[in-house]
Amino acid sequence: PDGAVITRAIVTRTTDGKWYASLGLELPSLPVRPIPERPRTVGADVGLTTLLAFSDGRTVEPPKFRKQGARRMKHLQRELSRKKGSRKGERKSSNFRRAAQRLAVYERKLANRTDDDLRKLAYQTMRRYDILVLETLGIKDMMMKSPKRINRSWNDVALGKLVRYVNENAAKSPDWKMVLQLTKELTRGTTQTCSKCHTVAVPRLTLKDRTLSCKSCGLVMDRDLNASHNILERGVNELRQHMPEVRPAECRTTLTTVWSDGAVSRERVGEPVRAVGVTGLPQEALEAPSYEGIDGGPTGSREDTVLRR
């Protein structure tokens, strides 16, 4: 950029033999970007089964390039272990170095595919929304307590990179963007708490339970979508408390209820509910997510359905 000053340069060499240079720049003061009148605000729950579950019903599957390339990776590692130089104290032969180079190149290829996938996801997310509310995950603590196979999955999704790329896209965007990452205290219990009546689920949901069924208000919702609604609500409360000039337009699903007489009603999370018996949900009852204060907002890929018996 014009007026930028290089403050530092870092040269690194990767295991596959390639060199990269990273430059640190000091940028001049940028023009203040005006805050939109009704910035599109969405909450996102992060996980392994679903990488991102947005409060408007959109879901993103995690990248599985390493899992798909595990067979090839195992073959290259076994090939390397058979070369002279794999044992401690042995002189590394030319065959060993070539096998190590092939393994490093393949590992870099998988890492680049994951990195490309995350960069595209971050760009599309910040292009669609103005404010993204995320939870803070203690990945290191979770990996210490998790089995080895789950740790491998955490490494595959690279959540730290995703958060960094989202912040980079928000900073580089010509329009006003914001990434709000809530603390652990604010996001505690988002999965176990009903997003409609704020009742804690009893018994507690386990990792195998993918649906939250509230016994107080009858809400039945995917656990990740329910958590994203709670994250959105708590993020909006923080914005109203610390940034009253921001008037967020919440992007969340519309809940569809089918009554026992066949009538269909739609409501937002947090609105009062009537007692109802359900006979089934017809296809014509489905509708796109609603966006408070937004005309022509982005369309979600699916909708949550409330079923009460």
Check your understanding: R119: what forms a salt bridge (Lys or Arg N to Asp or Glu O under 4.0 Å) with it, not counting sequence neighbours?
Key -> D115
**Study point:** Pair F54 + Y129: ring centers closer than 6.0 Å
**Key:** yes
Check your understanding: Between D117 and T114, do the side chains contain an N or O donor and an N or O acceptor separated by less than 3.5 Å?
Key -> no
Review point. Crowded around E26 CD? As in, over 12 foreign heavy atoms under 6.0 Å?
Key: no
Check your understanding: Counting heavy atoms not belonging to L23, are there more than 12 under 6.0 Å from its CG?
Key -> yes
**Study point:** Heavy-atom neighbours of E37 CD exceed 12 at 6.0 Å
**Key:** no
Check your understanding: Below 4.0 angstrom, N of the basic side chain to O of the carboxylate: do R40 and E250 qualify?
Key -> no
Practice item. Report, as yes or no, whether the 6.0 Å neighbourhood of atom CZ on R127 holds more than 12 heavy atoms from other residues, nucleotides or ligands. Key: no
Practice item. Give a yes or no answer on whether the side chain of E135 reaches the backbone of V46 with a donor-acceptor pair at less than 3.5 Å. Key: yes
Review point. Have D16 and T14 got a donor and an acceptor in their side chains that come within less than 3.5 Å?
Key: yes
Check your understanding: Same hydrophobic cluster for L232 and L186, using side-chain heavy-atom links shorter than 4.5 Å among ILVMFWY?
Key -> no
Check your understanding: Crowded around Y123 OH? As in, over 12 foreign heavy atoms under 6.0 Å?
Key -> no
